[in-house]
*Asks:* 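Here it is, the structure in full.
Quick note: numbers below take in every heavy atom, side chains included, and nothing from hydrogens, waters or symmetry partners. Keep in mind that what you see is a predicted model, and the values were worked out from it rather than measured. Starting from 1, each residue takes its place in the sequence as its number.
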Amino acid sequence: MKHHSKKWTAAALLLTVLTSTACGNAGSTEDTASAASDTKIKVSFYSYNLAIASQVPGTEKLIREFEEAHPNIDIDPIPVSSTDINSKVQADIVAGSTPDIAQITFDGLDFAVNNFNAKPLEDIVPADELASNFQGFSENGLKLGQLNGKTYGLPFTFSTPVLFYNADLFKKAGLDPEQPPKSWEEVKEYGLQIAKSSGASGVHVGGATGGDWIIQALIGSNGGRVLSEDRKTLQFGQPEAIGAIQMWQDLIASGANGKLNDGEAIEAFSQGKVGMLLFTSALQSSLLAAAEGGGWELKAGKMPSFGDRETTPVNSGSALFILSDDKEKQQAAWEFLKFATSERGYTIITSEIGYLPLRPAIVDDPAYLKDWVEANPLIKPNLEQLESLKPWVSYPGTNWKQIETILNDAVSEAIISQGDIAPIMRGAEERAQALMP
């Protein structure tokens, strides 16, 4: 990921300035009063989208349109990679330079609430204004930033696990490209047929490393959990969790799933050398470009199920947290959060950054995303999965990241091992439980 300068040059601004477009939630009386103020407020914004080259233009456009609508608020954009953002925020809080707004991945929710003094929106925003802003928001999406009955993070960039597939390789294997596999049994069957007919790798299930959101989705879809409902006991060594990872192990052992790592598999899929790829929907734009350049057709389906069980996709992505103690900056930060998650904000986020719109009505609204969705039908399985979405569970305590890493490492070991994986998963659960508060 490429880091970008915290400051924008005048030349860069001139190259990217576009006519300001009104947004659905940015035209309130509060906004008008804010824009009329003569006081200039600077709000620092730590964002990992600004550290990903392909996502910089859309994120800069989001900020620019907000500033044009709110000339008294200056957003100071600071790019930080997603893997470094928690440690960066923590170090800057200790140093006395707390960021005003931070984009933090959902698995860091508990830690942000208890260690970053993240401000619940209910304590900053009048109840009627907050309720009005939440109207039209995906109910399942909104829950992702909530803990103990309060909203600490407003969901921002967001994706679910999607099964991308190569329609040309489907045809070559005698499979119907209009009928993606519905279950993991079918994924194995299709993967073996693709491998036999073309020599390509049949399927790659991503997410064994780099965060456990896809692992959580698989375990949940097999009826398991990674953490008890009372948030005290880890459960990824239980039979349902083990069964989900055994499915993954079997895909690899059978030859349906190749032995590439995630980076290698994404590259191979982009080159038309992998039949199916379960990974973040945020890859859609880059995979479409690769398919067009390579002369093959990209399609997408929902995350497959374990037999008749209901699939429970888990999201990746982030929420925006207000960390400032300054009342004036809190209000300015809230104005930015409103804009970023408004109808106009999500139009930019979806069409130019690559994530899901958490205001579902805008996909049918010609003022926002209707035309774009019709031109980009691959987003539809992703949108449908919002109905069955389960939150990315954040582990409690200061050792949350170590717990997540233990699970990632155990799964990485289990899926390429021979024989019974139960001891691997149970051992990981036991080691991780010792780190729980």
Side-chain angles (χ1 to χ4, degrees), residues 1-2 49 52-62 157-173 175-181 187 190-191 194 198 200-207 210 213-214 258 260 262-304 313 315-317 346-358 360 362-364 366 368-386:
M1 290 185 286
K2 180 179 176 184
N49 295 131
I52 303 173
S54 63
Q55 298 179 5
V56 169
T59 310
E60 289 181 343
K61 182 174 182 177
L62 192 71
T157 54
F158 174 96
S159 64
T160 66
V162 167
L163 188 71
F164 294 106
Y165 61 97
N166 185 319
D168 295 57
L169 290 179
F170 264 51
K171 292 173 186 175
K172 192 170 184 177
L175 300 168
D176 183 352
E178 302 303 323
Q179 297 294 327
V187 169
Y190 287 23
I194 290 168
S198 64
S201 179
V203 62
H204 178 82
V205 177
W213 63 286
I214 292 180
L260 303 173
D262 285 353
E264 293 168 341
I266 292 168
E267 178 65 22
F269 186 83
S270 299
Q271 296 171 354
K273 298 177 181 177
V274 176
M276 297 172 282
L277 174 68
L278 183 84
F279 215 71
T280 170
S281 55
L283 291 176
Q284 178 180 310
S285 295
S286 61
L287 294 179
L288 268 173
E292 290 170 5
W296 55 275
E297 184 180 7
L298 177 70
K299 287 185 173 290
K302 294 181 184 179
M303 184 177 176
N315 62 286
S316 68
Y346 274 122
T347 297
I348 296 171
I349 287 170
T350 300
S351 63
E352 301 196 34
I353 303 178
Y355 292 91
L356 269 180
L358 288 178
I362 68 175
V363 303
D364 297 315
Y368 299 108
L369 282 175
K370 187 175 189 298
D371 292 344
W372 186 88
V373 169
E374 287 177 357
N376 295 270
L378 292 184
I379 197 174
K380 290 180 180 178
N382 202 8
L383 288 169
E384 291 170 5
Q385 290 188 148
L386 285 176

*Asks:* So, for P381 and P377, which heavy atoms are closest and what is the spacing to 0.1 Å?
*Replies:* CD-O, 3.9 Å

*Asks:* Taking the side chain as every heavy atom from C-beta outward, state whether S351 and N376 have any atom pair closer than 4.5 Å.
*Replies:* no

*Asks:* Measuring only between side-chain heavy atoms, which start at C-beta, is I194 closer than 4.5 Å to V274?
*Replies:* no

*Asks:* Is there side-chain contact between S201 and F269, with heavy atoms separated by less than 4.5 Å?
*Replies:* no

*Asks:* Any sub-3.5 Å donor-acceptor pair from D176's side-chain atoms to E178's backbone N or O?
*Replies:* yes

*Asks:* Mind checking the OH-OG1 spacing from Y355 to T160? Nearest 0.5 Å is all I need.
*Replies:* 12.5 Å

*Asks:* Would you check if there is a donor-acceptor pair between the side chains of S281 and N382 at a distance under 3.5 Å?
*Replies:* yes

*Asks:* Any sub-3.5 Å donor-acceptor pair from Y165's side-chain atoms to V203's backbone N or O?
*Replies:* no

*Asks:* Provide the closest heavy-atom pair for P180 versus G301 in the form atom of the first, atom of the second, distance.
*Replies:* CG-CA, 4.2 Å

*Asks:* Determine the minimum heavy-atom distance between A200 and K273, stating which atoms define it.
*Replies:* CB-O, 3.3 Å

*Asks:* Determine yes or no for a side-chain-to-main-chain donor-acceptor pair under 3.5 angstrom, with N166 supplying the side chain and G275 the backbone.
*Replies:* no

*Asks:* Quick one: are V363 and T350 in side-chain contact, heavy atoms under 4.5 Å?
*Replies:* no

*Asks:* Rounded to the nearest 0.5 Å, what separation is found between the CG atom of L386 and the CG atom of L358?
*Replies:* 6.5 Å

*Asks:* When you measure from the side chain of Q385 to the backbone N and O of M303, does any donor-acceptor pair fall under 3.5 Å?
*Replies:* yes

*Asks:* What's the separation between atom CG in L278 and atom CG in L163, rounded to the nearest 0.5 Å?
*Replies:* 6.0 Å

*Asks:* Let me confirm one number: the CG-CD1 distance from L369 to I379, rounded to the nearest 0.5 Å.
*Replies:* 7.0 Å

*Asks:* Of the non-hydrogen atoms in L283 and F164, which two are nearest, and what is the gap between them?
*Replies:* CB-CE1, 4.3 Å

*Asks:* Is the closest side-chain heavy-atom distance between T59 and I353 below 4.5 Å?
*Replies:* yes

*Asks:* side-chain contact (heavy atoms from CB on, under 4.5 Å) for L287 and S270? Distances and angles first, verdict last.
*Replies:* CA-CA 6 Å; L287 294 179; S270 299; 3.5 Å; yes

*Asks:* Could you go through T280 and W213, starting from their C-alpha distance and side-chain angles, then the distance that decides it, and tell me whether this counts as side-chain contact (heavy atoms from CB on, under 4.5 Å)?
*Replies:* CA-CA 10 Å; T280 170; W213 63 286; 3.6 Å; yes

*Asks:* Under 4.0 Å between a side-chain nitrogen and a carboxylate oxygen: does that hold for K370 and E374?
*Replies:* yes

*Asks:* Search all heavy atoms of L260 against all heavy atoms of A268 and return the closest pair with its distance.
*Replies:* CD1-CB, 3.9 Å

*Asks:* Can any side-chain N or O of D262 pair as donor or acceptor with the backbone N or O of G207 at less than 3.5 Å?
*Replies:* yes

*Asks:* Calculate, to the nearest 0.5 Å, the distance between atoms CD1 and CD belonging to I349 and Q55 respectively.
*Replies:* 10.5 Å

*Asks:* Please tell me if the side chains of V162 and Q284 come closer than 4.5 Å, counting only heavy atoms from C-beta onward.
*Replies:* no

*Asks:* Going by heavy atoms in the side chains, are I214 and S316 under 4.5 Å from each other?
*Replies:* no

*Asks:* Going by the angle between their ring planes, with limits at 30° and 60°, are Y190 and F170 parallel, tilted or perpendicular?
*Replies:* perpendicular

*Asks:* Which distance, rounded to the nearest 0.5 Å, do you find between the CG of L383 and the CG of L378?
*Replies:* 11.5 Å

*Asks:* Would you mind reporting whether I362 and W372 have side-chain heavy atoms less than 4.5 Å apart?
*Replies:* no

